Amino acid sequence: LRSQNDRRLSALTHGLGDPERLQVYYPHLEETVESLQVRRVLRKMDRFLVLMHEGLAAEEGDERTLHVNREILASTEYPKPIEGRLQTAFAIPPWALSGEQRVLGRSALDAEAARARFRDLLGHPLGDLQVVWTPLTQWGPLMGTARVGARIQPFALYLRSISQRLCVRCISPVGEVGVEGDVLLEVIEHARELPAPVAGILGREDGSYDVTVEDDVLLGAANYDAERVTTLVRRVVNAADTLEQDLIAGRDAALSEFAVDLAREEDVNA
């Protein structure tokens with residue numbers, strides 16, 4: 001409910017067809033036992049959906065083994081997805097079926113206008129801040145590299161919303177920092193002196209922290225967007241560069257080292 005796919009389907013003005021459906025794939029090798037296993041899985045999934053709605057009881061004699069010979073002689077077609085409406089097994093009170101149908105607070109046109117306003121930041125200089133932008137993708141963040149003195153500092157901008165206001169979030173990566181000794185305490189001490197928040201994600205394998213500096217700004221009138229974002233980017237990249245020099249001496253990483261993770265950040269928070 002209210003997922004991207006739900007909103008997309010709700011906006012359709014025609015009947016639901018196969019191209020509009022949410023596609024789920026099960027990679028397997030044809031003409032091997034894998035194709036038999038996939039057919040078995042699909043049949044079990046359809047049976048589970050029906051039982052959860054109408055039967056609420058498992059069928060007896062459900063085999064847990066795959067008889068290859070029997071499956072090969074059976075139909076080679078894959079089960080079709082359930083098309084009709086399923087009937088719930090529970091009683092539905094009348095009040096649960098009545099109510100006002102509300103629409104989204106913002107239309108697709110509003111969303112496109114917000115994205116266009118966000119992309120327009122590429123056409124405005126960020127004050128005296130020297131920035132080299134990367135090529136823009138359709139839905140991704142705005143990524144760039146800022147010049148901080150004789151050094152460089154990569155960053156990415158993300159479009160968000162808070163209540164009824166548009167918001168731009170800036171993330172500037174610092175890099176991986178180990179946790180041995182007093183390194184973590186050192187990060188905390190440095191973070192207290194910085195003008196922007198510091199974030200750290202604990203790695204799953206080596207126990208190191210992926211450290212970034214992050215902050216955001218609310219947008220007001222569109223003619224002040226560049227000025228407000230300039231202040232945000234300058235604050236974040238200066239803090240990230242300072243932290244990088246303090247924690248990882250001699251290092252000055254480029255955007256290419258963080259581009260994949262910064263793009264993934266958009267998928268996680270979208």
Side-chain angles (χ1 to χ4, degrees), residues 118-119 121-122 124-160 162 167-219 225-226 228-270:
F118 180 60
R119 292 191 294 264
L121 290 172
L122 293 176
H124 295 277
L126 300 185
D128 58 353
L129 193 63
Q130 300 180 33
V131 174
V132 177
W133 296 99
T134 61
L136 176 65
T137 59
Q138 183 178 6
W139 302 110
L142 305 182
M143 296 190 193
T145 302
R147 176 67 61 178
V148 182
R151 293 167 54 83
I152 58 173
Q153 186 61 40
F155 68 94
L157 299 177
Y158 305 86
L159 181 63
R160 299 286 184 265
I162 299 179
C167 171
V168 173
R169 185 164 188 80
C170 181
I171 298 179
S172 187
V174 175
E176 291 187 359
V177 177
V179 295
E180 62 278 355
D182 297 329
V183 175
L184 188 56
L185 293 177
E186 185 179 355
V187 173
I188 295 174
E189 289 299 324
H190 284 293
R192 292 174 178 172
E193 305 297 328
L194 296 176
V198 175
I201 300 177
L202 181 62
R204 295 182 178 180
E205 297 179 358
D206 57 2
S208 62
Y209 276 90
D210 187 11
V211 178
T212 59
V213 176
E214 309 180 9
D215 207 351
D216 46 40
V217 65
L218 288 173
L219 299 183
D225 286 355
R228 295 179 71 85
V229 172
T230 297
T231 302
L232 170 69
V233 173
R234 180 182 291 110
R235 179 170 67 248
V236 171
V237 298
N238 284 335
D241 184 68
T242 298
L243 192 59
E244 183 181 34
Q245 294 185 72
D246 291 339
L247 298 178
I248 316 173
R251 188 170 184 269
D252 194 15
L255 176 62
S256 57
E257 185 174 334
F258 307 102
V260 173
D261 290 335
L262 290 174
R264 187 181 297 118
E265 185 76 19
E266 176 74 6
D267 297 333
V268 171
N269 291 280

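Please read these numbers as outputs of a predicted model, since none were measured by experiment. The residues of the chain are indexed from 1 along the displayed sequence.
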State the [atom1]-[atom2] distance between [X] and [Y], to the nearest 0.5 angstrom.
| X | Y | atom1 | atom2 | answer |
| --- | --- | --- | --- | --- |
| L142 | L159 | CG | CG | 8.5 Å |
| L243 | N238 | CG | CG | 12.5 Å |
| E189 | L194 | CD | CG | 11.5 Å |
| L157 | W133 | CG | CH2 | 5.0 Å |
| Q245 | D252 | CD | CG | 7.5 Å |

Between side-chain atoms of residues 144-152 and protein atoms elsewhere (two or more places apart, or another chain), which donor-acceptor pairs fall under 3.5 Å?
unit_1: R147; atom_1: NH1; unit_2: A150; atom_2: O; d: 3.4
unit_1: R151; atom_1: NE; unit_2: D241; atom_2: OD1; d: 2.7
unit_1: R151; atom_1: NE; unit_2: D241; atom_2: OD2; d: 3.4
unit_1: R151; atom_1: NH1; unit_2: R251; atom_2: O; d: 3.3
unit_1: R151; atom_1: NH2; unit_2: D241; atom_2: OD1; d: 3.2
unit_1: R151; atom_1: NH2; unit_2: E244; atom_2: OE1; d: 3.0
unit_1: R151; atom_1: NH2; unit_2: R251; atom_2: O; d: 2.9

Crowding at CD, E257 (>12 non-hydrogen neighbours, <6.0 Å):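 Yes - once you tally the heavy atoms of other residues, nucleotides and ligands closer than 6.0 Å, there are more than 12.
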Option passing side-chain contact (heavy atoms from CB on, under 4.5 Å) with F155 (candidates V213, I171, V237):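 Per the side-chain contact (heavy atoms from CB on, under 4.5 Å) rule, the option paired with F155 is V237, out of V213, I171, V237.
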Close side-chain approach of L219 and V229, heavy atoms under 4.5 Å: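 L219 vs V229: side chains touch.
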pair D225-H124: side-chain heavy atoms closer than 4.5 Å: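 The answer is no; the side chains never approach within 4.5 Å.
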Under 3.5 Å: donor-acceptor pair, side chain of R228, backbone of L218: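 Yes: the side chain of R228 pairs with the backbone of L218.
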Lys/Arg-Asp/Glu bridge criterion (N-O < 4.0 Å) met for D216, R160: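 No salt bridge links D216 with R160.
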Taking every non-hydrogen atom, the tightest pair across E214 and A199: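 Nearest heavy atoms, E214 then A199: OE2-CB, 3.7 Å.
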